[in-house]
Amino acid sequence: QMADPFLYNTGERSHYGCLGHEVQIEYLKAYVCRPSFSTDKAVIVVHDVFGWRFPDIRYIVDLMAGHGYIAICPDFFKGTKPWTSTDHWADFPDWMKNHDPMKVDKEADVVLKYLKEQCGAKKIGVVGFSWGGMAVHHLMLKNPQFTAGVSLYGIIRDSEERYSLLNPTFFIFGEKDHTISLDQVFLLEDKLKQYCKVPYKIKVYPGQVHGFAQLKPEDMKPEDKPYIEEARRDMIDWIKMFV
């Protein structure tokens, strides 16, 4: 299912100096970045298998803050070891059993409470990448507190209840994603047409592989750059439309 090497190289990453800071929220650590002005809008960013400290995901948090949102990436792995590029893919299914993207409800609630009570947030969106995209799909089915969601290359595959989204949700896919076939994308589209009562959108970006949208500018290949930038703009536009 997902246990192939990702096609983007996680080893060669340029250094990234973060703009935000780390906080402790109950039993969770989180990375937070705030915009330069005060706002009652927030976005939770759900990391991929590489965890909340991965530079690419912090770059996305900072990007969301730059667009005027209190942006936060909690450690959904609760202090356990994230997947690393040196781990063996044979071990991935076992690792996934202990890191289930559909078991994020408690952590989401802890962070929602913090955003509302400590940060004055009234409208809260959620965006997630890969593992985090699956978590977003799950949360948009279960938690009405999220005003809108964006799932980037992550879908829940094996549940018939996965189409009754509670609030506007946008699904972003790469055309060449070897973990999510276009068949699955078309099935999702079909079923959402039948069952979904809220605005949704599905978009496939030509030639893009799994993980394409969270690359930092200096790590992008020139031929992919337009699609990466478009996907990010689309993600932000969706959030701006509803949150």
Side-chain angles (χ1 to χ4, degrees), residues 2 4-23 28-34 43-67 69-77 80-87 89 92 95-96 99 101 104 111 125-137 149-154 170-174 176-180 205 207-236 238-239:
M2 271 183 69
D4 305 287
F6 292 105
L7 297 186
Y8 71 110
N9 182 353
T10 53
E12 297 170 34
R13 277 291 183 275
S14 44
H15 179 72
Y16 180 62
C18 301
L19 305 175
H21 63 281
E22 294 182 5
V23 294
L28 288 177
K29 283 191 160 64
Y31 172 70
V32 183
C33 190
R34 288 170 174 265
V43 172
I44 296 177
V45 178
V46 191
H47 55 72
D48 62 13
V49 294
F50 302 111
W52 74 295
R53 287 205 164 100
F54 200 55
D56 293 10
I57 213 71
R58 298 207 162 181
Y59 172 78
I60 297 290
V61 174
D62 294 354
L63 184 75
M64 295 310 299
H67 282 275
Y69 295 90
I70 301 159
I72 185 165
C73 178
D75 175 12
F76 281 98
F77 298 163
T80 63
K81 196 173 100 40
W83 188 254
T84 65
S85 48
T86 52
D87 291 328
W89 285 102
F92 190 69
W95 181 89
M96 271 296 270
H99 299 82
V104 289
V111 179
V126 61
V127 302
F129 298 80
S130 186
W131 187 95
M134 294 164 80
V136 167
H137 188 175
V150 184
S151 164
L152 296 95
Y153 28 83
F170 179 23
F171 293 90
I172 285 176
F173 300 107
K176 297 264 164 70
D177 188 330
H178 67 296
T179 69
I180 300 170
Y205 297 76
Q208 298 309 294
V209 298
H210 193 82
F212 78 98
Q214 67 236 59
L215 287 174
K216 301 193 301 302
E218 57 276 25
D219 298 320
M220 295 175 189
K221 294 193 183 108
E223 64 272 22
D224 295 329
K225 194 171 187 250
Y227 299 112
I228 296 169
E229 288 176 347
E230 185 184 346
R232 287 225 261 269
R233 266 199 315 278
D234 291 345
M235 167 183 82
I236 289 157
W238 186 262
I239 291 295

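What you see below is based on every heavy atom in this structure, not just the backbone, and it leaves out hydrogens, waters and symmetry mates.
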I'd like to know whether Trp83 forms a side-chain contact (heavy atoms from CB on, under 4.5 Å) with Phe54, so could you lay out the CA-CA distance, the side-chain angles of the two residues, the decisive distance to 0.1 Å, and finally the verdict.
CA-CA 11 Å; Trp83 188 254; Phe54 200 55; over 6 Å; no
side-chain contact (heavy atoms from CB on, under 4.5 Å) assessment of Ile236 paired with Leu63
CA-CA 9 Å; Ile236 289 157; Leu63 184 75; 3.9 Å; yes
Test log, rule side-chain contact (heavy atoms from CB on, under 4.5 Å), inputs Val136 and Val127
CA-CA 7 Å; Val136 167; Val127 302; 5.6 Å; no
Show your working on side-chain contact (heavy atoms from CB on, under 4.5 Å) between Ile228 and Gln208 and close with a plain yes or no.
CA-CA 8 Å; Ile228 296 169; Gln208 298 309 294; 4.2 Å; yes
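Partners of Phe171 under the ring-ring contact (aromatic ring centres under 6.0 Å, His included) rule, at least two apart in sequence or in another chain, are His137. Among residues two or more places apart in sequence or in another chain, the salt bridge (Lys or Arg N to Asp or Glu O under 4.0 Å) test is passed with Asp234 by Lys203. With sequence neighbours excluded, no residue forms a ring-ring contact (aromatic ring centres under 6.0 Å, His included) with Tyr227. With sequence neighbours left out, the salt bridge (Lys or Arg N to Asp or Glu O under 4.0 Å) criterion links Lys29 to no other residue. Asp177 meets the side-chain hydrogen bond (donor to acceptor under 3.5 Å, both in side chains) test with Thr179, His210; sequence neighbours excluded. Among residues two or more places apart in sequence or in another chain, the side-chain contact (heavy atoms from CB on, under 4.5 Å) test is passed with Arg34 by Val32, Ile70, Cys119. Not counting sequence neighbours, Phe129 has no partner by the ring-ring contact (aromatic ring centres under 6.0 Å, His included) test. A search for ring-ring contact (aromatic ring centres under 6.0 Å, His included) contacts involving Tyr69 returns nothing, not counting sequence neighbours. With sequence neighbours excluded, the residues forming a side-chain contact (heavy atoms from CB on, under 4.5 Å) with Ala65 are Cys33, Ala71, listed by chain and number. When the salt bridge (Lys or Arg N to Asp or Glu O under 4.0 Å) test is applied to Glu22, the partners found at least two apart in sequence or on another chain are Arg53, Arg58.
Taken from CE in Met64 to CD1 in Ile44, the straight-line distance is 12.0 Å, to the nearest 0.5 Å. Put simply, CG on Asp219 and NZ on Lys225 are 12.0 Å apart, with the number rounded to the nearest 0.5 Å. The NE2 atom of His99 sits 10.0 Å away from atom CZ of Phe92, with the distance rounded to the nearest 0.5 Å. Taking CE of Met235 as the start and NE2 of His67 as the end, the distance is 8.0 Å to the nearest 0.5 Å.
When every heavy atom of Pro74 is checked against every heavy atom of Leu28, the shortest pair comes out as CB-CD1, 4.4 Å. Between Tyr31 and Gly20, the shortest heavy-atom distance links the atoms OH-N, 2.7 Å.
Aromatic rings from Trp95 and Phe77 are positioned such that their centres are separated by under 6.0 Å.
For Asp62 (side chain) and Tyr59 (main-chain N/O), no donor-acceptor pair under 3.5 Å exists by modelled atom type. Looking only at distances, no side-chain donor or acceptor of Tyr153 sits under 3.5 Å from a matching main-chain atom of Ile180.
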